[in-house]
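Below: the structure, in structure tokens.
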Amino acid sequence: DVKVTQSSRYLVKRTGEKVFLECVQDMDHENMFWYRQDPGLGLRLIYFSYDVKMKEKGDIPEGYSVSREKKERFSLILESASTNQTSMYLCASSPSVRGIEQYFGPGTRLTVT
Amino acid sequence: GENVEQHPSTLSVQEGDSAVIKCTYSDSASNYFPWYKQELGKRPQLIIDIRSNVGEKKDQRIAVTLNKTAKHFSLHITETQPEDSAVYFCAATGPSGGYNKLIFGAGTRLAVHP
């Protein structure tokens, strides 16, 4: 049974703080993804990684960076949090095959004040 | 760029009625179309998917149809039950060559009233 976990369910940070969101998967998946979920906008891809230390920008990468030092762990970094980054952040993972299920983590609800 | 449009954004039905959610996609190279269900406070979970080499797939009360020519696909839920209430997302595989990137629709909030 695939397990994707995220470091926090709820997080409150102040404007300008550096924020780290962590995601861990236990299925040896090559691909990992970070999405942002906002009402009426669906799931928007921020960044994804297809291998250790490899990454590509998604549709909304501005204000974010990522790190993947180990295969099982993918971190999303908000360099200087802003109020418009208040959102639900979802991590997902999948094998390195095009056209296959992505498995999601439980999400982190981030509030930036 | 590539996108997936999903309609309606909200859908309200009586228990026992059918519900249909429709999506259109723009990339003719898309070949995999999953549907995810997200219950309140929970993670999205795959409920059914279809590949471009078939036109319809069923799993008990849910079915998905695909029209490649028109570039649209639909989710059909029959005999709806209150536990079907959730947000449903359609998706399509992203740009050709792509690392299993998915492009998601904006979601449909389905409410099933007893």
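Naming: A, B, ... by sequence-line order, numbering from 1 per chain.
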Gap between atom OH of A:Y35 and atom CG of B:L102 - 0.5 Å precision: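 Those atoms lie 5.0 Å apart.
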
To the nearest 0.5 Å, what is the distance between CZ (B:F89) and CD (A:Q37)?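 These two atoms lie 4.5 Å from each other.
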
Evaluate the criterion side-chain contact (heavy atoms from CB on, under 4.5 Å) for residue pair A:E101 and B:Y36; output intermediate values, then yes/no. CA-CA 10 Å; A:E101 179 178 359; B:Y36 285 82; 3.8 Å; yes

Would you say [atom1] of [X] has more than 12 non-hydrogen atoms from neighbouring residues, nucleotides or ligands within 6.0 angstrom?
| X | atom1 | answer |
| --- | --- | --- |
| B:K22 | NZ | no |
| B:E79 | CD | no |
| B:Q60 | CD | no |

Side chain, backbone, both or neither: which part of [X] has a heavy atom under 4.5 Å from chain B?
| X | result |
| --- | --- |
| A:L43 | both |
| A:R44 | neither |
| A:I100 | both |
| A:E30 | neither |

If you tally heavy-atom pairs under 4.5 Å against chain A, which of B:V87, B:L46, B:D49, B:V4 wins?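 Looking at each of B:V87, B:L46, B:D49, B:V4 in turn, B:L46 comes out on top.
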
Is [Y] reachable from [X] through a run of hydrophobic residues whose side-chain heavy atoms are each under 4.5 Å from the next?
| X | Y | value |
| --- | --- | --- |
| A:L11 | A:Y64 | yes |
| B:V13 | B:I47 | yes |
| A:V66 | A:F33 | no |
| A:L45 | A:L76 | no |
| A:L41 | A:F104 | no |

What part of B:P44 lies closer than 4.5 angstrom to a heavy atom of chain A: side chain, backbone, both or neither?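 Both the backbone and the side chain of B:P44 come within 4.5 Å of chain A.
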
Measure B:R51 against the heavy atoms of chain A and call it side chain, backbone, both or neither at under 4.5 Å.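 Contact with chain A: side chain only.
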
Locate the shortest heavy-atom distance separating [X] from [Y]; write the atom from each residue and the value.
| X | Y | answer |
| --- | --- | --- |
| B:N100 | A:S94 | ND2-OG, 2.9 Å |
| B:G41 | A:R9 | O-NH2, 3.3 Å |
| A:L90 | B:Q38 | CD1-NE2, 4.4 Å |

Name the option with the most non-hydrogen atom pairs under 4.5 Å to chain B; the candidates are A:G58, A:G105, A:G107, A:G40.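 Top count of heavy-atom pairs under 4.5 Å with chain B: A:G105.
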
Can you find a heavy atom in the side chain of B:K101 that is under 4.5 Å from one in the side chain of A:Y50?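 With C-beta onward as the side chain, the pair stays apart.
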
